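Keep in mind the model is a prediction, meaning the values are calculated, not measured. Position 1 is the first residue of the sequence; numbering continues from there. Scope of the values below: all heavy atoms of this structure, side chains included, with no hydrogens, waters or symmetry mates.
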Amino acid sequence: MSGIRLSVLIVTYNAGADIETCLQLLAASRIDRPYEVILVDNASSDGTPERVARAFPWVRLIAERTNHGFAAGNAVALAAAWGDTILLLNPDAFLRDPEALATALAHLDAHPDVGAVGPRLIFPDGRHQVGDAGYEPRPLSILVHAAGLSGRFGLRGLYLASRQARGRAAVDVDWVCGAFLLMRRAAIETIGGLESPMFLYGEDVDWGCRLRDAGWRVAYLPGIAVVHLQGGSAGTRSARWLDGLAGIYRLRNAGRLLSSPAFFSGPLQLGFTLRALAYGLAGRLKRQPELARKAEDMRRFSAHLRSLRS
């Protein structure tokens, strides 16, 4: 095992057939170094561990009896890993480009001050998936995102906008999405491992900001595209991601003047409400069901934020 340089860590919970696609594409990737795959299953009830054990005997399977969540599940996998480079890979993240992982590894190799890298995440139809990278959740980044001004006039919002995800040059950010998160073990050790106060959603934001605090750069690589179904077993239209983000906001802004949850929820709630109105109107005028669905999502997100403030 001493020759292994890359450890791929996957955490599953009722992953269904997604994990088979994920592992098949990983195996087909052109990787220029020895690697291992460690899969921690968080007590799935759909037969995920049995499916993996049967079809992928080369995967080191750790079947847990309880659901540890994303961060703690990855911490279990990390404790069993031998690599000095660690890839966190979601079961619904697909390496359809066989060069994607090798390119990300090459960037990490070439930049010793970079502690973590992540690719541009896309939907199966090729559209950019907003939420694949961004900046620390502070009042200004929240306001910029809520106003739809991310990337305009040099402003940094909570998430990189699609206009910022074009091109091939690496972009320095504060965090990248945990669906595909490539890190140095040395960087992970400087932040105390992969533990996080978040059970699900927001762990990647937490890790990235802590890496930046520790002096590491975090790089977003828009020239690499990875398909992400987004949501997996949690459901693609869940509003629970807002809970994790609110938790990170409280942690990162504790003791500051604008640390009240209202400064997180208020601007986002207003932004979602305005977007719901805009999508709803455009959907009626253009008769496009997809816009009506977006309006429904925005209303649900706004209502969820209202519950966080109460």
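- The residues Arg185 and Asp84 are annotated as not salt-bridged, no charged nitrogen and carboxylate oxygen being separated by less than 4.0 angstrom.
- For Asp132 (side chain) and Arg120 (main-chain N/O), no donor-acceptor pair under 3.5 Å exists by modelled atom type.
- Using the six-membered ring where Trp is involved, Phe56 and Trp58 have ring planes that are perpendicular, over 60° apart on the 30 and 60° scheme.
- Ion pairing of Arg5 with Asp32 is absent here, as no side-chain N (NZ or NE/NH1/NH2) approaches a carboxylate O to less than 4.0 Å.
- By the 6.0 Å and 45° rule, Arg96 does not stack over the aromatic ring of Phe94.
- More than 12 heavy atoms of other residues, nucleotides or ligands lie within 6.0 Å of CZ in Arg163, so this atom counts as buried by the packing criterion.
- Remark: side-chain polar atoms of His304 are not paired, donor with acceptor, to backbone N or O of Arg300 under 3.5 angstrom.
- Side-chain contact between Ser150 and Leu158 is absent, with no heavy-atom pair separated by less than 4.5 Å.
- Counting heavy-atom neighbours within 6.0 Å of Arg33 CZ, excluding the residue itself, gives a total above 12.
- Formation of a donor-acceptor pair under 3.5 Å by the Asp125 side chain with backbone atoms of Arg127 is found in this model.
- Put simply, the side chain of Asn42 gets close to the backbone of Gly69: a donor and an acceptor are under 3.5 Å apart.
- Checked for salt-bridge contact, Asp297 and Arg293 miss the test: no charged N lies under 4.0 Å from a carboxylate O.
- Residue Leu268 comes nearest to Ile142 through the heavy atom pair CG-CG2, 3.9 Å, listed as atom of the first residue, atom of the second, then distance.
- A tilted orientation is assigned to the rings of Trp207 and Phe70, their planes being inclined by 30° to 60°.
- When Arg217, Arg212, Arg184 are each tested for a salt bridge (Lys or Arg N to Asp or Glu O under 4.0 Å) with Asp113, only one passes: Arg217.
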